[in-house]
Structure formats: C-alpha cells, structure tokens
Amino acid sequence: MSSSRRCSRTACARPAVTTLTYVYADQTAVLGPLATFAEPHAYDLCEAHSERLSAPRGWEVLRLAPDPDAAGPSSDDLLALADAVREAARPVPDAAPGGYVTEPAGETGREVGRRGHLRVLRYPADD
C-alpha cells in the first residue's frame with residue numbers, strides 16, 4: 001500500500017488498498033489489488049469503499065483476491081540481500097599501505113587504485 005495514494009471517492013482521505021476498473025464491453029466492474037501506479041481511467045478505493053462497491057443493474061462485479069505470497073519479500077529477495085551484505089563485508093584483496101588496491105582497472109586505464117567503493121584516478125596529462 002502506498003501512503004501517497006488516497007481513495008478516489010470525494011472527501012475520503014483514507015489510503016487506497018484496491019483499484020477499480022471497468023470493462024464496458026462485458027459490463028463488468030473489476031476490483032483488484034492496488035495497481036502499481038495510478039491509471040487515469042481507474043479508481044483507487046479504500047477498504048471501506050471497496051467492500052461497499054456496487055455496480056449498475058445488469059453489471060457483474062469481479063473481485064480479485066490479492067496474492068498473499070506477493071505481499072512480503074520472497075525468498076529470492078532475502079537471498080539477494082544476504083549476498084549483498086556478504087559482498088560488502090569482504091575485505092579488499094591486495095591492498096597496499098593505506099588500504100588502496102594496487103592493480104589498475106583495465107576498462108578506462110585511468111584508475112590507479114581503489115578503496116572500498118571509491119576509486120583513485122590518475123590526473124589526465126596535458127598532451
């Protein structure tokens with residue numbers, strides 16, 4: 001739930017939890033989980049207004065239940081986070097005095113050292 005998106009109903013300041021769209025060709029109102037971003041032809045509704053939603057006579061209301069597995073972080077997200085923490089905690093190899101890495105990067109030819117995420121660059125020579 002995004003705290004910046006509010007219910008589309010007039011004078012309602014509650015946070016939106018569902019998105020309502022209409023399929024006019026099928027005479028169907030579709031009420032589903034909150035969309036990733038606000039659509040111009042969709043309506044974001046709070047919990048109270050989404051529960052009391054009714055459609056015009058002859059129309060069908062299709063309520064899509066949110067996926068409970070999508071609510072929290074997946075195991076892949078947690079593994080990626082753990083790998084990133086392990087990578088950040090690794091010591092810098094081949095460090096010279098002062099903690100600088102002595103091998104230059106081959107991609108630019110200007111890097112002469114590295115300390116953590118910072119790079120030491122050679123000052124460009126005047127040619």
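The basis for the numbers below is simple: all heavy atoms, side chains too, and nothing from hydrogens, waters or symmetry mates.
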Distance col, row W59:CH2 vs T28:OG1, nearest 0.5 angstrom, shows 7.5 Å
| task | Please report the C-alpha distance between R14 and H49 in whole Å, then the side-chain angles of each, then the deciding distance to 0.1 Å, and finally whether the side-chain contact (heavy atoms from CB on, under 4.5 Å) criterion is met. | result | CA-CA 10 Å; R14 289 178 282 219; H49 285 120; 3.5 Å; yes
**Prompt:** Does any N or O in the side chain of R63 come within less than 3.5 Å of the main-chain N or O of S50, such that one atom is a donor and the other an acceptor?
**Reply:** yes
dist L34:CG -> L45:CG (nearest 0.5 Å) comes out at 10.0 Å
| said: Please check: side-chain N/O of S8 versus main-chain N/O of D44, any donor-acceptor pairing under 3.5 Å? | reply: yes
The reported gap from OH in Y24 to NE2 in H41 (rounded to nearest 0.5 angstrom) is 9.0 Å
Closest non-hydrogen atoms of A13 and R6, given as atom of the first, atom of the second and distance, are O-CD, 3.1 Å
Given the options L62, L53, T21, L31 meets side-chain contact (heavy atoms from CB on, under 4.5 Å) only with L53
Would you indicate whether Q27, at its atom CD, is surrounded by more than 12 heavy atoms from other residues, nucleotides or ligands within a distance under 6.0 Å? yes
Between C12 and C46 the two heavy atoms that sit nearest each other are SG-SG, 3.8 Å
Would you check if the side chain of R5 reaches a backbone N or O of A35 as a donor-acceptor pair within less than 3.5 Å? yes
Heavy atoms of A55 and V61 approach each other most closely as CB-CG2, 3.5 Å
Taken to the nearest 0.5 Å, the spacing of T18 OG1 from E51 CD works out to 9.5 Å
